[in-house]
Every structure is written in C-alpha cells, then in structure tokens.
Asks: 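Have a look at this one before I ask anything.
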Amino acid sequence: MDADDNEWLTLPQAATLMRMTKAAIAQLRYRGVGPKFYRLSAKTILYKRSEVIAWMESRACTRTDDVLASS
C-alpha cells in the first residue's frame with residue numbers, strides 16, 4: 001500500500017480526484033451512494049484517498065448498457 005493511499009482529502013481534493021463537482025459529491029453523500037466520508041464538524045468533510053479510489057473502481061462497467069444500480 002502506497003503512503004498516499006491513507007492520505008486525507010478535503011472535499012475540493014476529492015472532487016478533483018473524482019473529476020466531479022463539489023455539488024455532485026454532495027448529492028452522492030445525501031443519497032448515500034458515494035464513497036465513505038468523515039464529518040469532523042458541520043463544515044469539515046474529509047475522504048480517504050484509498051476509499052475514494054476503491055469506490056471509483058467499484059463503478060467499473062464492461063458494457064455501455066451496464067446500469068449502475070445505485071445511480
């Protein structure tokens with residue numbers, strides 16, 4: 001495991017890694033379908049890089065008509 005795997009990411013950093021907007025990630029959190037997140041305070045949310053990457057990899061599809069059940 002790379003040392004960066006355990007790196008904590010802020011919301012903007014996670015958004016960059018995921019290539020999504022902060023609003024889109026907020027919707028994933030609200031719907032409970034995104035990567036695990038850690039709420040340290042009302043305004044501070046962090047993500048572990050390894051968990052974001054694992055979540056992204058879990059979304060892999062092999063066909064264009066693959067439907068993501070949790071979308």
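This structure is a prediction, so every number in the text was calculated from the model and none was measured.
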Asks: Nearest 0.5 angstrom please: Ser50 OG to Leu9 CG, how far?
Replies: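 Atom-to-atom, Ser50:OG and Leu9:CG are 9.0 Å apart.
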Asks: What is the minimum heavy-atom distance between Pro12 and Lys22, and which atoms define it?
Replies: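 Answer, listing the atom of Pro12 first, then Lys22: CG-CD, 4.2 Å.
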Asks: With rounding to the nearest 0.5 angstrom, report the CG to CZ distance, Leu11 to Arg29.
Replies: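 Here the rounded value is 5.5 Å.
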Asks: Out of curiosity, Leu46 CG to Tyr38 OH, how far, rounded to the nearest 0.5 Å?
Replies: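 Here the rounded value is 10.0 Å.
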Asks: When hydrophobic residues are tied together by side-chain contacts of less than 4.5 Å, even through go-betweens, does Phe37 share a cluster with Leu40?
Replies: no
Asks: Hey, could you give me the CD/CE distance between Gln27 and Met20, rounded to the nearest 0.5 Å?
Replies: 10.0 Å
Asks: Side chains of Gln13 and Thr10 only: does a donor on one sit below 3.5 Å from an acceptor on the other?
Replies: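 The criterion, which ignores hydrogens and geometry beyond distance, is satisfied for Thr10 and Gln13.
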Asks: Going through the checks in order, is the side chain to side chain contact (heavy atoms under 4.5 Å, CB included) test met by Tyr30 and Ile25?
Replies: CA-CA 9 Å; Tyr30 176 78; Ile25 296 172; over 6 Å; no
Asks: Set out, in order, the CA-CA distance, both residues' side-chain angles and the distance that settles side chain to side chain contact (heavy atoms under 4.5 Å, CB included) for Val52 and Met18, then state yes or no.
Replies: CA-CA 8 Å; Val52 170; Met18 296 166 68; 3.4 Å; yes
Asks: Show your reasoning for whether side chain to side chain contact (heavy atoms under 4.5 Å, CB included) applies to Arg49 and Asn6.
Replies: CA-CA 6 Å; Arg49 176 183 296 277; Asn6 289 320; over 6 Å; no
Asks: Rounded to the nearest 0.5 Å, how far apart are CZ of Arg39 and CD1 of Ile45?
Replies: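 One gets 4.0 Å once the value is rounded to the nearest 0.5 Å.
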Asks: In terms of side-chain heavy atoms, does Tyr47 have a donor or acceptor partner in Glu7 at a distance below 3.5 Å?
Replies: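 Judged by distance alone, the side chains do not pair up.
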